[in-house]
Amino acid sequence: MSSAAALLLRPTSATTHPLLHQSSPKSFFLRLHPSRRRLPVPRLSLTPTTASNSNSNSSPPPPSPSPPSPAPAAPPSLFSNWSPPRAIWRGLSALLLAGQVFHRVLTGRVHRRNLLAQLRRVGPGSAGVALLTAAFVGMAFTIQFVREFTRLGLHRSVGGVLALALARELSPVVTAVVVAGRVGSAFAAELGTMQVSEQTDTLRVLGAHPVDYLVVPRVLACVLALPVLTLISFALGLASSAFLADSVFGVSVSIILESARRALRPWDLISSLLKSQVFGAIIAVVSCAWGVTTHGGAKGVGESTTSAVVVSLVGIFVSDFALSCLFFQGAGDSLKYAMG
């Protein structure tokens with residue numbers, strides 16, 4: 001056998017070979033040398049290599065996309081957050097409601113049963129306080145006029161002055177103020193309560209229009225009943241004035257009534273009735289408009305009621321001035337007839 005083959009067949013000693021380690025004197029097994037146990041393992045990196053390790057000819061990594069910039073907000077328009085004041089809004093509502101009532105009256109869309117109920121409420125229901133107020137207003141003016149006219153020797157013209165004052169101004173204005181305080185406040189409170197409790201929506205569901213069922217009868221009741229109340233108030237005011245002048249100041253009732261008859265003209269009573277109708281329309285339309293535009297629960301109902309009465313009174317006084325300028329611009333001979 002050759003020397004090379006003998007070398008391959010010869011057992012290797014554990015002490016001579018570096019890969020063999022002797023654990024016991026009788027057995028030998030293959031063990032790794034301590035210097036060969038930890039072999040270098042290549043590691044993968046998820047980060048891009050630096051310029052020193054990468055190829056010089058490689059291109060740089062693409063930049064990451066930037067997030068899109070938000071679109072510029074549109075500038076707010078001039079009237080985007082503006083709402084009309086509540087007074088203007090309610091005034092426009094009152095004008096619109098007045099137009100609807102006028103159209104329904106012309107077309108005959110009137111709830112007659114509700115109209116009769118509102119007539120009883122506005123007429124007989126308000127007659128007591130209106131007549132009581134007219135009586136004391138007439139007596140108060142009698143105290144002011146009779147004493148001064150008697151001292152001047154003009155006691156025969158006292159009745160004419162009282163009649164003109166009551167017919168032209170006092171009776172329609174005082175009666176309208178009483179009705180505004182008693183009936184107008186009730187209209188605003190009722191319709192305001194129905195509005196906040198959604199009863200008006202229930203009427204629409206049942207097929208009844210709220211304007212036909214609620215507003216038109218109230219407006220017509222005030223327009224029709226207020227002139228009658230004004231005439232009765234004028235009569236009672238003149239009667240109380242004559243009674244006080246006769247019982248306190250010694251001016252006969254016949255003198256007072258005769259002077260009133262000579263001073264009064266038919267136009268004085270007609271103008272009083274026209275004023276009363278205008279005042280009644282103002283009271284009813286304002287009260288109903290303020291009622292149907294109520295919101296905010298019980299507090300809103302109270303505010304609408306108070307505001308309706310105040311606006312009605314202001315409307316009465318402003319319209320009285322305008323109508324007086326229109327009706328009595330050329331008047332001036334009534335007192336001459338009253339003096340006889």
Side-chain angles (χ1 to χ4, degrees), residues 120-184 222 224-280 283 313 316-317 320 323-324 327-328 331 334-340:
R120 288 193 298 268
R121 183 181 186 182
V122 178
S126 304
V129 61
L131 296 179
L132 184 65
T133 305
F136 280 97
V137 168
M139 290 188 290
F141 268 76
T142 301
I143 294 174
Q144 299 297 328
F145 283 117
V146 171
R147 183 178 300 173
E148 302 298 330
F149 276 56
T150 303
R151 291 180 179 178
L152 296 175
L154 300 174
H155 59 279
R156 291 186 174 274
S157 61
V158 173
V161 173
L162 291 175
L164 290 176
L166 289 172
R168 292 181 177 181
E169 298 296 332
L170 292 180
S171 294
V173 171
V174 171
T175 306
V177 169
V178 171
V179 172
R182 186 186 182 278
V183 178
C222 287
L224 296 176
L226 203 58
V228 178
L229 287 177
T230 301
L231 282 179
I232 299 174
S233 299
F234 166 73
L236 184 60
L238 188 60
S240 62
S241 300
F243 173 76
L244 184 65
D246 188 15
S247 60
V248 176
F249 299 100
V251 180
S252 176
V253 174
S254 59
I255 295 176
I256 298 292
L257 296 180
E258 180 64 21
S259 176
R261 186 189 64 80
R262 291 196 304 265
L264 286 178
R265 293 292 179 268
W267 177 244
D268 296 326
L269 296 179
I270 293 174
S271 64
S272 178
L273 298 181
L274 293 177
K275 281 186 176 183
S276 300
Q277 289 183 331
V278 174
F279 297 161
I283 294 169
L313 294 179
I316 288 170
F317 295 135
D320 177 62
L323 293 175
S324 297
F327 292 159
F328 307 110
S334 297
L335 289 181
K336 180 179 68 174
Y337 296 115
M339 295 178 65

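When a residue number appears, it is its place in the shown sequence, counting from 1. These numbers come from a predicted model, not from an experiment.
Judged by distance alone, the side chain of Ser272 and the main-chain N or O of Ala167 form a donor-acceptor pair under 3.5 Å. No donor-acceptor distance shorter than 3.5 angstrom exists from the side chain of Ser276 to the backbone of Pro227, with no hydrogens or angles considered. Between the Ser240 side chain and the Gly237 main chain, a donor and an acceptor come within less than 3.5 Å of each other.
In this structure, Pro172 and Leu166 approach most closely via the heavy-atom pair CD-O, 3.8 Å. Closest non-hydrogen pair, Val177 versus Ile316, comes out as N-CD1, 4.3 Å. A pairwise comparison of heavy atoms in Ala260 and Gly159 identifies CB-O, 3.6 Å as the closest pair. The heavy-atom pair separating Ala127 from Leu229 by the smallest distance is CA-CD2, 3.8 Å.
Within the 4.5 Å cutoff, the side chain of Phe243 has no heavy atoms near those of the Val253 side chain. Between Ile256 and Val158, the closest side-chain pair of non-hydrogen atoms falls below 4.5 Å. Within the 4.5 Å cutoff, the side chain of Phe234 has heavy atoms near those of the Leu264 side chain. Taking 4.5 Å as the limit, every side-chain heavy atom of Ser241 sits out of range of all side-chain heavy atoms of Met139. Considering only heavy atoms from C-beta on, Leu231 comes within 4.5 Å of Leu273 through its side chain. Side-chain contact check for Thr175 versus Leu226: some heavy-atom pair is nearer than 4.5 Å. Put simply, the side chain of Val174 does not reach to within 4.5 Å of the side chain of Ser233, judged on heavy atoms.
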Stepwise, does the side-chain contact (heavy atoms from CB on, under 4.5 Å) test hold for Ser126 with Arg121?
CA-CA 7 Å; Ser126 304; Arg121 183 181 186 182; over 6 Å; no
Given Phe279 and Thr230, is the side-chain contact (heavy atoms from CB on, under 4.5 Å) satisfied, shown in steps?
CA-CA 11 Å; Phe279 297 161; Thr230 301; over 6 Å; no
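Atom CZ of Arg261 sits about 12.0 Å away from atom OG of Ser254, to the nearest 0.5 Å. A distance of 12.0 Å separates OG1 of Thr133 from CG of Leu170, quoted to the nearest 0.5 Å. Atom-to-atom distance recorded for Arg182:CZ and Ile283:CD1 is 12.5 Å, nearest 0.5 angstrom. To the nearest 0.5 angstrom, Leu244 atom CG is 10.5 Å from Phe136 atom CZ. Atom-to-atom distance recorded for Glu169:CD and Leu164:CG is 11.0 Å, nearest 0.5 angstrom. A distance of 5.0 Å separates CZ of Phe327 from CH2 of Trp267, quoted to the nearest 0.5 Å.
Under a cutoff of 6.0 Å and an axis angle of 45°, Arg147 and Phe249 do not form a cation-pi pair.
Checking each of Asp268, Val173, Leu323, Asp320 against Arg168 for a side chain to side chain contact (heavy atoms under 4.5 Å, CB included) leaves exactly one that passes, namely Asp268.
A salt bridge does not link Arg156 with Glu258: none of the charged nitrogens is closer than 4.0 Å to a carboxylate oxygen.
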